[in-house]
Amino acid sequence: MKHFSEKIKPIRSNRSLNQKVTPYIYLAPTVIGMTILMVVPICMVVMYSFMNHAVVAKESSFAGLKNYITILSDPKFRSAIVHTIKFSALSVVFHMLIALTFAMMLNSSIISKRTKAFFRVIYIIPWVFTSTIVATLWRLILNPNGVLNYLIGSQIEWLSSTKLALYTLTFINVWAAYPFFMVTILAGLQGISKDLYEAATVDGANGIQKFIHITIPQLKPILFSMIMLDGIWSTQQFSLVWTITGGGPLNSTDMLGSYTYRLAFMNYKFSPASASAVLILVVVMALAYIYVRYQKVGD
């Protein structure tokens with residue numbers, strides 16, 4: 001018996017070792033991929049932000065905070081911050097308002113199922129298009145000789161006016177992204193118990209009171225999550241901005257992403273561009289930290 005038990009112990013220890021190692025084997029490809037595609041590039045950009053003549057190895061040298069001072073003192077960078085804040089704030093507000101309105105309409109018992117199905121298809125269409133298609137579509141519509149000016153009988157420079165371009169770009173971003181938030185809020189609305197509304201009706205509550213005291217509190221976790229995610233995504237918006245206006249006219253729609261891209265790949269100033277990218281990373285990480293903390297508190 002002793003001899004048999006001695007043989008079993010190594011087998012059990014090998015099994016326990018395999019059970020501990022196996023999860024890490026499954027995680028290894030993902031960890032390696034994230035390290036190569038995310039961690040290494042981020043570390044390189046942070047390193048470049050503290051160097052002169054980054055990328056050019058023979059001329060590179062340590063610069064300390066010089067690049068950050070250069071970026072923060074650049075008027076174009078400060079205007080890009082203002083544009084990004086305006087763009088993000090307006091996008092978040094109108095995304096939530098439009099998404100909540102359409103979601104409540106699609107969740108209403110007054111509208112028939114066929115009508116709901118029709119509007120679901122209509123409302124979801126902008127989400128199907130890629131950024132390139134959205135940009136091409138709206139550039140054609142907003143062209144001085146395009147469809148919109150023909151319908152209103154005017155020659156407004158929607159994308160060429162320094163006063164209108166930023167708000168026009170914000171409108172396009174709202175149109176392109178609201179379906180995601182609408183679908184999410186609609187799922188939240190469908191998860192609210194009807195018993196709450198029935199009890200409120202018995203107590204004599206009207207539609208507005210039900211909305212304020214039942215709908216909004218029940219949707220609060222979803223709405224906060226959507227606001228935080230939308231803020232992060234809007235701050236990082238690049239493809240739509242670059243393909244529609246390229247930051248123009250006269251930098252009136254220049255965002256942090258387009259400013260950094262132009263600095264790096266058009267002006268070839270990689271060190272200041274790296275510093276700008278790090279600052280954007282810090283802002284996004286701060287928003288992500290708030291989002292994650294809220295999710296933990298909600299749990």
Enquirer: For the OG1 atom of T215 and the CD atom of Q209, what is their distance to the nearest 0.5 Å?
Expert: 12.0 Å
Enquirer: Give a yes or no on whether V284 and V39 share a hydrophobic cluster (residues Ile, Leu, Val, Met, Phe, Trp, Tyr; joining criterion: side-chain heavy atoms under 4.5 Å apart).
Expert: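 V284 and V39: separate clusters.
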Enquirer: Assess whether side-chain contact (heavy atoms from CB on, under 4.5 Å) is satisfied between T130 and V134, documenting all intermediate values.
Expert: CA-CA 6 Å; T130 63; V134 170; over 6 Å; no
Enquirer: Could you grab the distance from atom CG of L90 to atom OH of Y167, nearest 0.5 Å is fine?
Expert: 7.0 Å
Enquirer: Nearest 0.5 Å please: distance from the CD1 atom of I227 over to the CD1 atom of I232.
Expert: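 It comes to 12.5 Å.
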Enquirer: Answer yes or no: are there more than 12 heavy-atom neighbours, outside F62 itself, under 6.0 Å from its atom CZ?
Expert: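 Result for CZ/F62: enclosed.
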Enquirer: Should V93 and L97 count as side-chain neighbours, where that means a heavy-atom distance under 4.5 Å?
Expert: yes
Enquirer: Kindly write out the residues that satisfy side chain to side chain donor-acceptor pair (under 3.5 Å) with S225, not counting sequence neighbours, or none if the list is empty.
Expert: Q295
Enquirer: What are the two closest non-hydrogen atoms of H95 and V174, and how far apart are they?
Expert: NE2-CA, 3.2 Å
Enquirer: Could you tell me if the side chain of M226 sits less than 4.5 Å from the side chain of T184, heavy atoms only?
Expert: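 Of all side-chain heavy-atom pairs linking M226 with T184, at least one is under 4.5 Å.
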Enquirer: If you round to the nearest 0.5 Å, how far is CD1 of I152 from CG of L148?
Expert: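 Going from the CG atom of L148 to the CD1 atom of I152 covers 4.5 Å.
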Enquirer: Would you indicate whether the side-chain heavy atoms of V241 and L169 approach each other to under 4.5 Å?
Expert: yes
Enquirer: List the residues meeting ring-ring contact (aromatic ring centres under 6.0 Å, His included) with F102, not counting sequence neighbours, and say none if there are none.
Expert: Y123, Y178
Enquirer: Can you tell me how the ring of Y261 sits relative to the ring of F265, calling it parallel under 30°, perpendicular over 60° and tilted otherwise?
Expert: tilted
Enquirer: Should M228 and L287 count as side-chain neighbours, where that means a heavy-atom distance under 4.5 Å?
Expert: yes
Enquirer: Does CE belonging to M34 count more than 12 external heavy atoms closer than 6.0 Å?
Expert: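 Counting neighbours around CE of M34, 12 or fewer heavy atoms of other residues, nucleotides or ligands fall under 6.0 Å, so no.
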Enquirer: Say you draw a straight line from OG of S274 to CG of L263; how long is it, rounded to the nearest 0.5 Å?
Expert: 9.0 Å
Enquirer: With hydrophobic residues grouped by side-chain heavy-atom distances under 4.5 Å, do W175 and I133 end up in a single group?
Expert: yes
Enquirer: Excluding sequence neighbours, so at least two apart, what forms ring-ring contact (aromatic ring centres under 6.0 Å, His included) with F171?
Expert: W138
Enquirer: Using the side-chain hydrogen bond (donor to acceptor under 3.5 Å, both in side chains) rule, collect all pairs that involve residues 143-154, keeping only residues at least two apart or in two chains.
Expert: N149-W158
Enquirer: Of the non-hydrogen atoms in K269 and P272, which two are nearest, and what is the gap between them?
Expert: O-CD, 3.4 Å
Enquirer: List the residues meeting side chain to side chain donor-acceptor pair (under 3.5 Å) with S234, not counting sequence neighbours, and say none if there are none.
Expert: D230
Enquirer: Which residues pass the side chain to side chain donor-acceptor pair (under 3.5 Å) test with T201, sequence neighbours left out?
Expert: K210
Enquirer: For N67 and S49, indicate whether the former's side chain and the latter's backbone hold a donor-acceptor pair under 3.5 Å.
Expert: yes
Enquirer: I125, L137: one ILVMFWY side-chain cluster at the under-4.5 Å cut-off?
Expert: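 Looking at the clustering, L137 is in the same group as I125.
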Enquirer: Is the closest side-chain heavy-atom distance between M104 and L189 below 4.5 Å?
Expert: yes
Enquirer: Which pairs, with at least one residue in residues 197-237 and sequence neighbours excluded, count as a ring-ring contact (aromatic ring centres under 6.0 Å, His included)?
Expert: F180-W233, F224-Y294
Enquirer: Among all residues two or more places apart in sequence or in another chain, which pass the side chain to side chain contact (heavy atoms under 4.5 Å, CB included) test with M44?
Expert: V40, Y48
Enquirer: Just grab all the side-chain hydrogen bond (donor to acceptor under 3.5 Å, both in side chains) pairs involving residues 76-92, residues at least two apart or on different chains.
Expert: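 Residue pairs with at least one partner in residues 76-92: S91-N173.
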Enquirer: Distance-only check: which donor-acceptor pairs under 3.5 Å involve side-chain atoms of residues 249-256, not counting sequence neighbours?
Expert:
unit_1: S252; atom_1: OG; unit_2: P249; atom_2: O; d: 2.7
unit_1: T253; atom_1: OG1; unit_2: T245; atom_2: OG1; d: 2.7
unit_1: T253; atom_1: OG1; unit_2: G247; atom_2: O; d: 3.3
unit_1: T253; atom_1: OG1; unit_2: G248; atom_2: N; d: 3.4
unit_1: T253; atom_1: OG1; unit_2: G248; atom_2: O; d: 2.5
unit_1: D254; atom_1: OD1; unit_2: S258; atom_2: OG; d: 2.6
unit_1: D254; atom_1: OD1; unit_2: Y259; atom_2: N; d: 3.4
unit_1: D254; atom_1: OD1; unit_2: R262; atom_2: NH1; d: 3.2
unit_1: D254; atom_1: OD2; unit_2: R262; atom_2: NH1; d: 2.9

Enquirer: Give a yes or no on whether I122 and L100 share a hydrophobic cluster (residues Ile, Leu, Val, Met, Phe, Trp, Tyr; joining criterion: side-chain heavy atoms under 4.5 Å apart).
Expert: yes
Enquirer: Would you check if T243 and R139 make a side-chain contact, meaning some heavy-atom pair closer than 4.5 Å?
Expert: no
Enquirer: Check for me, please, whether F238 and F270 land in the same ILVMFWY cluster - side-chain distances under 4.5 Å, paths through other members count.
Expert: yes
Enquirer: Listed by chain and number, what are the ring-ring contact (aromatic ring centres under 6.0 Å, His included) partners of F50, not counting sequence neighbours?
Expert: Y68
Enquirer: For residues 110-118, tabulate all N or O donor-acceptor pairs below 3.5 Å that involve a side-chain atom, not counting sequence neighbours.
Expert:
unit_1: S112; atom_1: OG; unit_2: T115; atom_2: N; d: 3.4
unit_1: S112; atom_1: OG; unit_2: T115; atom_2: OG1; d: 2.7
unit_1: K116; atom_1: NZ; unit_2: S108; atom_2: O; d: 2.5

Enquirer: Taking atom CG of L142 and atom CD1 of I244, what is their separation to the nearest 0.5 Å?
Expert: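 One finds 8.5 Å between CG of L142 and CD1 of I244.
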Enquirer: Report yes if some heavy atom in the side chain of I212 is under 4.5 Å from a heavy atom in the side chain of I216; otherwise report no.
Expert: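 Sidechains of I216 and I212: no contact.
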